[in-house]
2 protein chains.
Amino acid sequence: MATLQKSIDKRNALIQATISLVNNNGFHATPMSKIAKMANVSPATIYLYFENKQDLVNTTYIAVKAIYTQYAFETYDEKMEVVKGFEIIWKRIADFKLKESEYAQFLAQCDNTPMIDEPSRKEGIKHLQPLLDLWERGKQEGTIKPISDYLLYAYSINPLSFLLMAQERGAFKLTNEHLEHAYQAAWNSIKA
Amino acid sequence: MATLQKSIDKRNALIQATISLVNNNGFHATPMSKIAKMANVSPATIYLYFENKQDLVNTTYIAVKAIYTQYAFETYDEKMEVVKGFEIIWKRIADFKLKESEYAQFLAQCDNTPMIDEPSRKEGIKHLQPLLDLWERGKQEGTIKPISDYLLYAYSINPLSFLLMAQERGAFKLTNEHLEHAYQAAWNSIKA
DNA sequence: TTAATAAAAATGAACGTTCATTCTTTTTTA
DNA sequence: TAAAAAAGAATGAACGTTCATTTTTATTAA
């Protein structure tokens with residue numbers, strides 16, 4: 001088939017170029033020509049892999065989101081206790097944001113601008129299901145506060161986000177102690 | 001003088017149009033022509049009030065930031081106790097984000113994209129000085145944790161941000177109880 | 001007060017550029 | 001040698017900005 005013959009490397013190069021350029025300039029200040037150049041490809045070639053610019057960025061968003069959630073749940077097992085599960089997932093997310101900061105930054109930008117269309121946004125959220133399941137379990141057994149999943153996620157991810165934001169802006173140097181502190185704050189805010 | 005004769009109304013209309021359009025479409029998807037149309041002005045007229053598009057958006061950012069901080073400190077007095085001061089400012093910020101949500105949304109977008117240039121960003125931060133002073137006082141008298149202002153701000157504003165984010169996305173309906181809860185979480189995370 | 005005039009403000013059309021996308025041709029693969 | 005993939009050049013639309021003019025406002029002279 002046509003699609004299968006096309007080089008997966010080229011597709012990946014295009015996605016990587018998109019991430020890098022959008023991170024530095026934003027969606028609308030990133031021309032297709034530059035994406036092509038960075039991926040060592042002709043502008044026209046992009047259109048063999050993606051419908052248009054919007055499709056390229058949507059696809060990139062979903063791909064990065066998938067990488068993110070896969071990383072987050074890598075060492076998590078549904079049979080774990082709720083407390084343990086929360087700790088593991090939380091720390092994996094922290095790890096991801098630190099070690100894969102380019103991906104993390106891209107996701108942050110996508111989530112704060114009108115750059116991704118609604119269907120793709122919804123698609124990206126689906127992958128968080130294991131975390132929602134964990135919370136449901138925690139609420140049922142009384143380990144976790146009986147509030148909406150949205151709030152739970154907000155509270156639990158919150159200390160981490162700002163820690164990283166502050167660090168990114170060069171406000172201070174992040175230590176393990178900081179992270180542990182943030183993690184405790186997160187757990188305290190959601191535990192029953 | 002030339003500048004003084006120009007209509008302040010027109011300038012304000014341009015700033016308001018910028019806020020509204022950038023909120024809905026983002027900086028680069030907001031053409032000068034549309035800003036002009038919304039402000040009932042010719043495109044060329046914009047350039048009598050602002051150097052160029054970047055200057056328009058920088059100026060708008062600083063203006064909105066000024067409105068924000070003025071609101072935040074409106075009922076605050078430097079002679080208040082630290083706990084009281086924190087509560088008042090925190091709740092004013094919450095109020096602002098709820099009641100002046102268009103301004104708040106604009107600031108959020110500016111703070112999460114490469115849309116504002118660095119000098120204007122720095123300019124915008126200056127206005128938060130009274131809060132920094134309050135924290136310094138809190139740290140000296142031992143009421144507040146001895147950590148960096150950046151972290152303090154991060155922790156304290158965090159529960160609020162996510163509450164509002166979740167609400168904005170229609171996840172749930174915000175109540176006073178939610179806000180009180182978030183405020184307590186904020187204070188707990190920074191108190192000594 | 002009015003008419004004449006100068007200056008400022010505002011305008012719509014036009015310019016040059018940039019961009020996403022398509023078209024035609026060339027290269028690669030099977 | 002035929003079909004798929006890739007390329008570069010071309011296209012047309014959209015944009016920020018400027019230009020030449022007109023309209024409005026302020027000033028002066030009668």
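Convention: sequence-line order gives letters A, B, ...; per-chain numbering from 1.
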**Report entry** A/Asn58-A/Gln54 side chain donor-acceptor pair, cut-off 3.5 Å
**Finding:** yes
Grab the N/O contacts between the protein and nucleotides 8-13 of chain D below 3.5 Å, and write none if there aren't any.
unit_1 : atom_1 : unit_2  : atom_2 : d
D/dG8  : N7     : A/Ser42 : OG     : 2.9

Requested in this report: For B/Tyr49 and C/dA8, give me the distance from atom OH to atom C1', rounded to whole Å.
Outcome: 11 Å
Query - Gap between atoms CD1 and C1', on B/Ile46 and C/dA10 respectively (whole Å) - result: 12 Å
Report summary line: B/Lys37 NZ to C/dT11 C1', in whole Å, measures 14 Å
Query - Which residues share a side chain to side chain donor-acceptor pair (under 3.5 Å) with B/Thr45, sequence neighbours left out - result: none
Please tabulate, for the side chains in residues 77-88 of chain B, all donor-acceptor contacts under 3.5 angstrom to protein atoms that are two or more places apart in sequence or on a different chain.
unit_1  : atom_1 : unit_2  : atom_2 : d
B/Asp77 : OD1    : B/Lys79 : N      : 2.8
B/Glu87 : OE2    : B/Lys91 : NZ     : 3.0

Query - d(NZ, A/Lys10; P, C/dT29) in whole Å - result: 9 Å
Side chains of residues 30-41 of chain A: which donor-acceptor pairs under 3.5 Å do they make with residues two or more places apart or in other chains?
unit_1  : atom_1 : unit_2  : atom_2 : d
A/Thr30 : OG1    : A/Leu21 : O      : 3.3
A/Thr30 : OG1    : A/Gly26 : O      : 2.7

Query raised in the report: Nearest-Å distance, CG (B/Asp9) to P (C/dA9)?
Result: 15 Å
Report summary line: A/Met32 CE to D/dA6 P, in whole Å, measures 15 Å
**Report entry** Residue-level proximity of residues 51-61 of chain B to DNA chain D when a heavy atom falls under 4.0 Å
**Finding:** B/Asn52, B/Lys53
Report task. Not counting sequence neighbours, which residues clear side chain to side chain donor-acceptor pair (under 3.5 Å) with B/Glu136? List them please. Result -> B/Gln140
Query raised in the report: Where the side chain of B/Tyr49 meets the backbone of B/Ser7, is there a donor-acceptor pair that is under 3.5 Å apart?
Result: yes
Query - Pairwise side-chain hydrogen bond (donor to acceptor under 3.5 Å, both in side chains) hits with a residue in residues 10-26 of chain A, at least two apart - result: A/Gln16-A/Tyr103
Requested in this report: Rounded off to whole Å, could you give me the CZ-to-C1' distance for the A/Phe27 and C/dC19 pair?
Outcome: 12 Å
Query raised in the report: Quick one: salt bridge (Lys or Arg N to Asp or Glu O under 4.0 Å) partners of B/Asp117, sequence neighbours excluded?
Result: none
Report summary line: B/Phe106 meets the ring pair (Phe, Tyr, Trp, His ring centres under 6.0 Å) criterion, sequence neighbours left out, with none
Filtered N/O pairs between nucleotides 22-24 of chain D and protein, under 3.5 Å:
none

**Report entry** Residues that B/Glu100 engages under side chain to side chain donor-acceptor pair (under 3.5 Å), provided they are two or more places apart
**Finding:** none
Requested in this report: Using the test salt bridge (Lys or Arg N to Asp or Glu O under 4.0 Å), find all partners of A/Lys53 that sit at least two apart in sequence or belong to another chain.
Outcome: none
Report task. Let me know the distance between NE2 of A/His28 and P of C/dT18, rounded to the nearest Å. Result -> 18 Å
Query raised in the report: Quick one: which of C/dA9, D/dA5, D/dG16 gets closest to the side chain of B/Leu48?
Result: C/dA9
